[in-house]
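Below is one structure, written out as structure tokens; comments come after it.
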Amino acid sequence: MVCTTTPSIDGRKIAEYKGIVFGEVISGVDFIKDFAAGLSNFFGGRSGTYEEELIQARESAISEMEQRALRLGADAVVGVKLDYEVLGANNGMLMVTASGTAVRLE
């Protein structure tokens, strides 16, 4: 499946718009990841634990969006947008949302 942030795909014509599709992932951050991230903050540098959590959440949200597009009979998603939010009483949850327009190409 082709997924792009652009409204069209070079060299391809959109034959049919199937609708807006979403993929949502809410991921909890646990004590061990918080501790490891805290060490990175204290000593400086990047937090590999949080980065990995973010990568996994983003890939899962995109995959879920693609699966929903496939169920609509689409073969591409255009205008893809990713949103990130921190949720929960102690900001312990990460929400990643992928959205776009499912289309069928000629």
Side-chain angles (χ1 to χ4, degrees):
M1 167 145 324
V2 176
C3 285
T4 180
T5 58
T6 61
S8 62
I9 299 171
D10 284 344
R12 304 291 303 269
K13 184 175 179 184
I14 294 173
E16 183 180 0
Y17 291 89
K18 296 292 196 173
I20 298 170
V21 287
F22 294 90
E24 302 93 357
V25 172
I26 297 178
S27 177
V29 181
D30 61 25
F31 170 75
I32 294 170
K33 290 179 184 174
D34 279 342
F35 180 74
L39 290 176
S40 292
N41 285 342
F42 183 76
F43 293 111
R46 296 167 61 165
S47 173
T49 54
Y50 279 144
E51 286 177 1
E52 185 59 34
E53 188 72 30
L54 183 62
I55 289 167
Q56 290 295 327
R58 181 180 60 238
E59 289 175 352
S60 294
I62 291 170
S63 177
E64 183 176 301
M65 179 189 65
E66 289 175 339
Q67 292 304 311
R68 289 179 177 168
L70 281 171
R71 285 195 296 268
L72 292 175
D75 52 13
V77 180
V78 296
V80 173
K81 181 180 178 193
L82 294 168
D83 290 309
Y84 303 89
E85 296 290 333
V86 179
L87 307 171
N90 296 318
N91 293 328
M93 306 288 275
L94 171 66
M95 179 175 73
V96 180
T97 304
S99 62
T101 302
V103 298
R104 190 177 54 77
L105 303 171
E106 283 187 353

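The residues of the chain are indexed from 1 along the displayed sequence.
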So with a 6.0 Å cut-off around CD of Glu16, is the heavy-atom count from everything else above 12? yes
Heavy-atom donor-acceptor pair, Arg104 side chain to Asp75 backbone, under 3.5 Å: no
Please name the residue in the list Val96, Leu82, Val77 that meets the side-chain contact (heavy atoms from CB on, under 4.5 Å) test with Ile62. Leu82
Any side-chain heavy atom of Arg68 sitting closer than 4.5 Å to one from Met65? no
Within 6.0 Å of OH in Tyr84, more than 12 heavy atoms from elsewhere: yes
For Gly73 versus Lys18, what's the shortest heavy-atom pair and its separation? O-CE, 3.9 Å
Counting only heavy atoms not in Ile14 (residues, nucleotides, ligands), do more than 12 fall under 6.0 Å from its CD1? yes
Is it the case that the side chain of Glu106 and the backbone of Ala15 share a donor-acceptor pair, with hydrogens and angles ignored and the cut-off at 3.5 Å? no
Given Val78, which partner from the list Leu105, Thr4, Thr6, Thr5 fulfils the side-chain contact (heavy atoms from CB on, under 4.5 Å) test? Thr4
Are Met95 and Val25 co-members of a hydrophobic cluster defined by side-chain heavy atoms under 4.5 Å apart? no
Heavy-atom pair with the smallest gap, counting every atom of Met1 and Ala74: CE-O, 3.5 Å
What heavy-atom pair brings Ala69 and Ala102 nearest, and what distance separates the two atoms? CB-CB, 3.8 Å
Does one hydrophobic cluster hold both Ile9 and Leu72, with members joined at side-chain heavy-atom distances below 4.5 Å? no
Starting from Val2, can I reach Val103 by hopping between I/L/V/M/F/W/Y residues whose side chains sit under 4.5 Å apart? yes
Between Ser63 (side chain only) and Glu59 (backbone N and O only), is there a donor and an acceptor less than 3.5 Å apart? no
